[in-house]
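Everything on this sheet refers to the single structure shown next.
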Amino acid sequence: MVFEPKILGFLCNWCSYAGADLAGVSRIQYPTNVRVIRVMCSGRVDPVFIAEAFMNGIDGVLVLGCHLGDCHYISGNYEAELKMKMLGKVLSMINFADRVRLDWVSAAEGNRFAEIVTEFTEHIRKLGPSPIKNDKLKKQILDNLSATKFALCDSRLRALVARQRELTTEGNVYGNIIPIEEFEEILDNAIENEFIRHKILEKIKNEGKSVPEIAKEIKIEPHKVLQHIVTLRARGLVDVDQINEEIPTFISIKEV
Amino acid sequence: MSNEDIRIGVFICHCGTNIGGVLDITELIEYTKTLPNVAYSAGNLYTCSEVGLSNIRENIKEHNLNRVIVASCSPRTHEPLFRSTCQEAGLNPYLFEMVNIRDQDSWVHMKEPQKGTEKAKDLIRMSVYKASLLEPLEKMQVSVIPSAAVIGGGIAGMNAALTLANQSFKVSLIEKDSELGGLIRHLHKTYPTNEDASNILETRNLAESHKEIDVYKSATIEKIEGYVGNYKIVILQEKKMIEIEVGAIIVATGARVLSPEGYYNYNGKTIISQLELEGLLKENSVNAKNIAMIQCVGCRNEERRYCSNICCMTALKNAILIKEQNPDANITIIFRDIQAQGVTYEEYYRRAREMGIIFIKYLPDKPPIIKEDHLEVYNEFMNQVIGIPHDLVVLSMPLIANEDSERLAKMLKVPLEENNFFLEAHVKLRPVDFATDGVFVCGSAHWPADISESISQSNAAASRASTILSKEMLEVEGSTAEVNPDLCIGCEACIKICPYSAISKDEETDTAVVNKVVCKGCGVCGASCPQNAIIIHHFTSDQIIAEIVTYGGGD
Ligand code: SF4
Ligand code: SF4
Ligand code: FES
């Protein structure tokens, strides 16, 4: 049987949803794979929604909004763009970035809507089913996706993205503008750190482990693991479990 | 409301054969009946016909439905109709959901009816899950104060005030100078008719004597509060604070001329600005015979990238006027590009050429050099430096934004563009609106505009304002954002992100609060809040995630 991808589409009410309606009025035929969730603006799409979609076995996600400059709410699609960029970074760590696309469709572009859907469906068909459907990989993929969701829910990371425009154009409270490259670096680091921290928490969810043990399991240098443990302790998420022969083991103390 | 209480009615529309001819409606009805909380499910030939609508109303009563779903065409066209049908049957209109199985299903999958039916099942199931989580919402009514404030008493402001006052709206016209009239007061004649500027200034008398217009001169704005229909403005006039209440605001603060000081050895005598030339023309005291005008001084450069729009025509006009008086005068306009758009202005330009006015193009990186009695300019076309004798050099200075525009923009919570001119909501579709409801812009406050442009824009702004002022009540969308103060940490990210400045900080609790009248429900703040403290009503995270999960998990 041919693989029929399960695709979710977030369409903004004012442009892309109207474009999709126009494709209908013009009777342009396209693949049946997309299910649409209408939102008022592409800027409404929280990256967490997309992690949630992948955790629930969806093979691909389209986010469509008005062309830049045409958002009904002025700047919503610029915000969407920043969020999706950040999401792309997180998803590329677990090889899912290829399964999301952000694009723009105006109310007059019925044809373009149909083309994007057709192309994206074919693209996902080529990529094949989400690895989560592979029983052998399922556990690992789910772990990765929940680490992703953890990162996307993290308030520090969210605050960075929410403030990106302000920090890189208007400046911080001291009026210092952060150059975009520098901002990207900060963001990349934050993403990677949150991702790793979640993996650490996963490993010490049920039993205490020492730094070298954790380092081995998640394949990261021990001194880095230690740094993360320190941060997680400061956040009240981790505590010392026992001390065996002077080597402490750590355990997660809060459901996240 | 607990789960057992939810009773969803699903009405599936045939839309004649539009849907019924492709999708298997019977199968959809049967499938829908198996979904949780669905109390009723049936087909309709045309749901939007009177028969269909009364069928919905009857079934709401008969089956005690508290959620209604119509699977048919697009919510963009039909949601308002079905919502009011629900309302007529006593159901809150926000307890309604629509599934698009025509425009986005049967019409686009005409050759794949089976797959189309499967898609419709998914869409209906997603909607049923969302519907279970819907909450009743209220549309808010706001009363409207039927008067307007026009800020700035130049030609744009005066004309906007008159247009509104002539429709019997009360207008407060606020001018910071001691006189109305703005820049026109300094002009001699106006293009393209060469009519005396003083004729146009007669608008001033009309405005001052109109019974519906209160003119505040030498007055500044100190404070603006409120929202569409209900603004409070504090005006400072002669050390007195005056408070006025208005339903709409028009920004017509104009612009000022960039000072020529420091450009091309400006000395105010033999090297003067175009505005000073207007003064000389007014007094009839232009004695020079060799006159050179330099265009684009201090603009279209790194610092000010824009074209000031009015300077080419002004130079043409003054050149023509001098030439008419003294046909022996030698006038050279040294320009970068001539802006004379439209039939009338183009004609005016042609007239200037025919009168013998000379036009020489210069390159921005090789500007003219003013020597004692002549001026040197490199012309690319001839590839040589040309000498032009002069006893008067006139510099065309651009219009620049007013110094206080930033202050006013902050008070109004409207944006400025990079040169500090006011920025409209949409350059093509909403040219005189701000994104903030009830605030409009016209004239040179927005961009250097000449008199006729200022008048068309001010007519537009006044008519846009009257669409608000003529209503007693405004209805605003019920699906807005709301901050949960228990989760909010007061980080202010949402305040910065909201394109409508609908969110402010409650200083007492140190948390964010949404002004529901101003909020448009775009949801951007909700997707951004680091603490997930913002609920976007009618598009809540829970509702959206319910749709996602049921689609994903519904194999
Ligand atoms: S972004 Fe969230 S936490 Fe920050 S002020 Fe707004 S509502 Fe509060
Ligand atoms: S939903 Fe949109 S308009 Fe409303 S407060 Fe949030 S960002 Fe502002
Ligand atoms: S409304 Fe379409 S992207 Fe904002």
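Every value quoted in this text rests on a predicted model; they were computed, and no experiment measured them.
- Under a cut-off of 6.0 angstrom, the local environment of NZ in B/Lys139 is crowded, with over 12 non-hydrogen atoms contributed by other residues, nucleotides or ligands.
- Chain B forms the most heavy-atom pairs under 4.5 Å with one residue out of A/His72, A/Lys83, A/Glu79, and that residue is A/Lys83.
- Distance alone, capped at 3.5 Å, is enough to place a donor-acceptor pair between the B/Glu477 side chain and the B/Ser479 backbone.
- The two atoms that bring A/Ile37 and B/Ile544 nearest to each other are CD1-O, 4.2 Å, heavy atoms only.
- Only the side chain of B/Met126 comes within less than 4.5 Å of a heavy atom in chain A; its backbone stays farther off.
- Within the 4.5 angstrom heavy-atom criterion, atoms from both the backbone and the side chain of A/Leu8 approach chain B.
- Aromatic pair B/Tyr551/B/Tyr129: ring centres not closer than 6.0 Å.
- Ring centroids of A/Phe54 and A/Phe96 are separated by less than 6.0 Å, placing the two rings close together.
- Residue A/Phe10 touches chain B through its side chain alone, counting heavy-atom pairs closer than 4.5 Å.
- Proximity to chain A is limited to the side chain of B/Lys496, based on heavy atoms less than 4.5 angstrom apart.
- With a 4.5 angstrom heavy-atom cutoff, A/Val36 touches chain B via backbone and side-chain atoms both.
- Contact count versus chain A (heavy atoms, under 4.5 Å) is highest, among B/Cys494, B/Cys525, B/Gly521, B/Cys529, for B/Cys529.
- Contact annotation for B/Lys111: both backbone and side-chain heavy atoms come within less than 4.5 Å of a heavy atom of chain A.
- Neither the backbone nor the side chain of A/Asp59 comes within less than 4.5 Å of any heavy atom of chain B.
- The cationic group of B/Lys130 lies under 6.0 Å from the six-membered ring centre of B/Phe539 and within 45° of the ring axis, placing it in a cation-pi geometry.
- Salt-bridge formation is not detected for the pair A/Arg38/B/Glu97: no Lys NZ or Arg NE/NH1/NH2 atom is positioned less than 4.0 Å from an Asp or Glu carboxylate oxygen.
- Annotation: cation-pi geometry not satisfied between B/Arg67 and B/Phe96 (NZ/CZ under 6.0 angstrom from ring centroid, within 45° of ring axis).
- Chain B forms the most heavy-atom pairs under 4.5 Å with one residue out of A/Asn13, A/Thr32, A/Asp46, A/Val61, and that residue is A/Thr32.
- With a threshold of 4.5 angstrom between heavy atoms, A/Val161 does not approach chain B through any atom at all.
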Query raised in the report: side chain to side chain contact (heavy atoms under 4.5 Å, CB included) between B/Val524 and A/Arg44: does it pass, once the steps are laid out?
Result: CA-CA 5 Å; B/Val524 177; A/Arg44 168 69 186 112; over 6 Å; no

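- Interface remark: A/Arg156 contributes no atoms to any contact with chain B (heavy atom separation under 4.5 Å).
- In terms of heavy-atom pairs under 4.5 angstrom with chain A, the leader among B/Gly116, B/Cys73, B/Pro75 is B/Pro75.
- Nearest approach of A/Ala190 to A/Leu160, heavy atoms of both residues: CB-CD1, 3.9 Å.
- Of the atoms belonging to A/Arg27, heavy atoms from both backbone and side chain fall under 4.5 Å from chain B.
- Heavy-atom pairs under 4.5 Å with chain B were tallied for A/Met55, A/Gln29, A/Met40; the largest tally goes to A/Gln29.
- Heavy atoms closer than 4.5 Å to chain B are found in the backbone of A/Cys153, but not in its side chain.
- For A/Ala114, no part lies near chain B; criterion is any non-hydrogen pair under 4.5 Å.
- Options B/Asp103, B/Ile489, B/Ile545 differ in how many heavy-atom pairs under 4.5 Å they form with chain A, and the most are formed by B/Asp103.
- One finds no salt bridge joining A/Arg35 and B/Glu547 here, because no Lys/Arg side-chain nitrogen approaches an Asp/Glu carboxylate oxygen to under 4.0 Å.
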